[in-house]
Amino acid sequence: MLDHLIRRATVVDGTGGPAYPADVGIRGGRIVVIAEPGTVTEEAVTSEDADGLVLAPGFVDPHTHYDAQLFWDPYATPSMNHGVTTVAGGNCGFTLAPLHPDRPEDADYTRRMMSRVEGMALAALEEGVDWTWSTFREYLDALEGRIAVNAGFMVGHCALRRHVMGADAVGGQPTPAQLDAMLALFHDAMDAGAWGLSTTQSSTHSDGDGEPVASRHARPEELLALSRAVGEHEGTQLEAIVAGCLDQFCDEEIDLLVDMTAAAGRPLNWNVLTIDAAVPERVPRQLIPSERARAAGGRIVALTMPILTPMNMSLGTFCALNLIPGWGEILALPVPERIERLRDPATRAEMLRRADSKEAGVFRRLANFGRYVIGDTYSAANEGLSGRVVNDIAAERGQDPFHCLVEICAADDLRTVLWPMPTDNDPDSWALRQRTWEHEDVMLGGSDAGAHLDRMCGAPYTTRFLGDCLRGRKLLPLTAAVRMLTDDPARLFGLRERGRIEEGFHADLVLFDPERIDAGPATLVHDLPGDSPRLDSKAIGIVSVRVNGVETLRDDKVTGAVPGTVLRSGRDTRTVSTA
């Protein structure tokens with residue numbers, strides 16, 4: 001007897017092939033029958049009529065930071081609401097394990113680092129996670145049997161360094177004995193099922209003390225030693241972030257990424273490839289590492305988002321504005337002094353000069369302050385400004401846009417929420433994205449779901465992208481779009497029997513209405529431990545999500561089931577050839 005039968009669905013199977021009508025039967029967590037509608041005679045415990053609905057493989061999000069959130073939110077919301085059934089965590093060099101058992105202060109350091117670098121509320125990290133593990137295996141075991149999605153995790157380079165070197169991990173170099181200990185610790189994590197190594201060399205990544213995170217101090221020989229260790233395990237990967245990921249790689253960064261994937265003999269992915277027709281040289285430059293990696297026996301894949309993900313800003317709390325050269329020291333001042341400096345015309349002029357300079361790189365996108373939209377406000381002086389564009393307010397007041405923005409924020413004691421309007425929403429940029437998505441070394445992803453919780457909401461990229469393909473710009477056919485969200489990332493990670501609707505595959509499935517599928521606007525909710533805020537987005541048109549055959553979501557409501565699996569390398573992943 002079947003556990004469940006989905007009748008008369010339009011199957012988009014993830015391969016990119018044509019859609020077709022079918023009945024799909026599930027038993028024991030697997031897809032056991034795919035047949036023409038009306039031809040399945042085996043009885044089923046439950047069934048449903050999916051006429052007019054699309055049945056697709058569950059979506060695979062290749063870049064998340066759900067490492068902590070899964071402890072208080074086993075449903076990985078809002079990703080699962082938007083059809084995601086498998087998430088890759090432990091990215092950018094940041095993981096919650098291993099932790100040194102004799103140094104309880106390391107957990108506090110990790111919490112403060114994650115709060116700063118990945119925008120996770122410190123109260124949520126303190127109250128929502130029990131922090132009882134030491135080894136990476138213990139961390140994975142703590143999640144096993146209690147999550148609703150499938151999840152795999154890289155080992156963060158920062159945690160490895162901190163475990164072995166203690167406070168010297170920031171600023172120091174390992175002795176030969178310490179490097180050996182780091183490698184032994186890494187092998188232990190890989191034996192436990194970690195997916196591979198993640199690291200960051202990005203100048204934007206600082207710890208809770210404002211110092212460069214531990215992995216940024218690693219020299220190439222350390223990174224290559226760890227990369228070679230990755231290649232000693234089955235079904236493994238590399239993920240790396242360097243400063244040039246945000247704009248354009250320098251020659252040394254290209255050399256490093258190519259050397260790492262070649263040393264491991266494993267794919268390496270990075271994020272995020274920003275596509276903007278106003279900077280036509282960026283995409284070719286960012287794909288040079290992929291070309292060179294193939295010649296060296298490796299593979300480098302760039303992640304890119306198929307939607308524009310707005311990220312809000314504030315002059316009051318840490319955000320991307322702090323990363324503009326010269327801005328960080330001003331925005332780190334106490335609020336009264338910060339307001340005084342921001343009101344100084346000479347200070348504003350210098351800030352604008354640096355924000356629009358070449359050294360600002362991709363952050364130049366934030367420098368057009370007239371195109372900011374005012375979000376939440378907190379004072380009577382700003383009543384009625386929410387939703388208005390700064391340019392319009394500045395014209396009414398006879399001020400330049402940045403001066404106007406500063407005065408609005410000052411009236412709220414810098415609590416005002418600011419939404420920059422995208423600068424790359426033009427037809428030429430979308431045409432360039434369409435061409436770039438088809439490149440063999442480009443993959444959709446980079447949501448950062450689970451991180452930057454009150455600043456951005458990238459998790460709904462799946463439903464918003466599909467809605468755009470079906471009813472918006474229609475840049476891709478549905479079959480290609482689904483393949484890019486399912487089979488492509490599943491194949492890159494070597495996931496065994498996932499990413500397609502095929503007999504014998506795990507029944508990770510999403511059923512949706514093609515006439516309605518979309519994502520609602522991002523709204524601020526206070527549902528994290530400690531009443532901390534985050535941005536959420538409702539899924540539209542998602543009828544059902546199944547993970548390993550068990551329904552986890554129906555009509556945007558979680559069922560309470562937790563059938564997800566902690567996906568372990570080797571057992572649940574196979575080695576992906578880079579030849």
To the nearest 0.5 Å, how far apart are [atom1] in [X] and [atom2] in [Y]?
X    : Y    : atom1 : atom2 : result
D108 : E126 : CG    : CD    : 7.0 Å
I408 : L414 : CD1   : CG    : 12.5 Å
Y378 : E383 : OH    : CD    : 15.0 Å
C404 : I393 : SG    : CD1   : 5.5 Å
L444 : M305 : CG    : CE    : 9.0 Å
D441 : N269 : CG    : CG    : 11.5 Å

Using distance alone, with no hydrogens and no angle criterion, decide if [X] and [Y] have a side-chain donor and acceptor under 3.5 Å apart.
X    : Y    : result
D426 : S429 : yes
R534 : T77  : yes
T523 : D536 : no
S202 : T200 : no
H82  : T462 : no
N425 : W430 : yes
H157 : S215 : no
H65  : N91  : no

Intermediate values then yes/no, side chain to side chain donor-acceptor pair (under 3.5 Å), D412 and S379: CA-CA 5 Å; D412 284 334; S379 66; 2.8 Å; yes
Please say whether the positively charged group of R116, taken as NZ for Lys or CZ for Arg, lies over the ring of F318, i.e. under 6.0 angstrom from the six-membered ring centre and within 45 degrees of the axis. yes
Tell me whether the NZ or CZ atom of R371 lies within the 45° cone about the ring axis of W419 and under 6.0 Å from its centre. no
Does any N or O in the side chain of [X] come within less than 3.5 Å of the main-chain N or O of [Y], such that one atom is a donor and the other an acceptor?
X    : Y    : result
T436 : L432 : yes
R111 : L122 : no
N322 : C319 : yes
D209 : E211 : no
R471 : P514 : yes
E118 : A451 : no
E127 : P529 : no
Y372 : L418 : no
E253 : A243 : yes
S537 : G520 : yes

Side-chain contact, heavy-atom cut-off 4.5 Å: [X] with [Y]?
X    : Y    : result
T463 : D518 : no
V510 : T85  : no
D400 : F369 : no
Y461 : L485 : yes
V149 : V84  : no
L453 : L535 : no
S198 : C92  : no
L70  : D67  : no

Determine, for [X] against [Y], whether the closest basic-nitrogen to carboxylate-oxygen distance falls under 4.0 angstrom.
X    : Y    : result
D276 : R365 : yes
R343 : E407 : yes
R162 : D106 : yes
D344 : R348 : no
E551 : R554 : yes
R388 : E396 : yes
R112 : D207 : no
R516 : D513 : yes

Which atom of [X] lies closest to which atom of [Y], heavy atoms considered:
X    : Y    : result
P284 : E281 : CD-O, 3.5 Å
E239 : M154 : N-CE, 3.7 Å
M313 : P420 : CG-CG, 3.7 Å
T416 : C409 : OG1-CA, 3.2 Å
A240 : C245 : O-SG, 4.3 Å
G458 : T309 : CA-CG2, 3.8 Å

Below 6.0 angstrom between ring centroids: does that apply to W270 and F249? yes
Do W327 and F402 have ring centres separated by under 6.0 Å? yes
Exceeds 12 heavy-atom contacts within 6.0 angstrom, atom CD of E438: yes
Should we count CD of E340 as having more than 12 external heavy atoms under 6.0 Å? no
Would you please test L257 and L268 for side chain to side chain contact (heavy atoms under 4.5 Å, CB included) and show each step? CA-CA 8 Å; L257 296 178; L268 179 152; 4.2 Å; yes
Can you list the steps and then say if D508 with R546 is a salt bridge (Lys or Arg N to Asp or Glu O under 4.0 Å)? CA-CA 5 Å; D508 297 338; R546 288 181 180 272; over 6 Å; no
Side chain to side chain contact (heavy atoms under 4.5 Å, CB included) evaluation trace for M114 with L96: CA-CA 9 Å; M114 297 298 274; L96 309 189; 4.1 Å; yes
Whether Y139 and F153 hold their rings parallel, tilted or perpendicular, with breakpoints at 30° and 60°: perpendicular
List the steps, then state whether side chain to side chain contact (heavy atoms under 4.5 Å, CB included) holds for I542 with I517. CA-CA 6 Å; I542 295 286; I517 189 165; 4.1 Å; yes
Run T304 and I275 through side chain to side chain contact (heavy atoms under 4.5 Å, CB included) and show every step you take. CA-CA 8 Å; T304 192; I275 302 171; 3.6 Å; yes
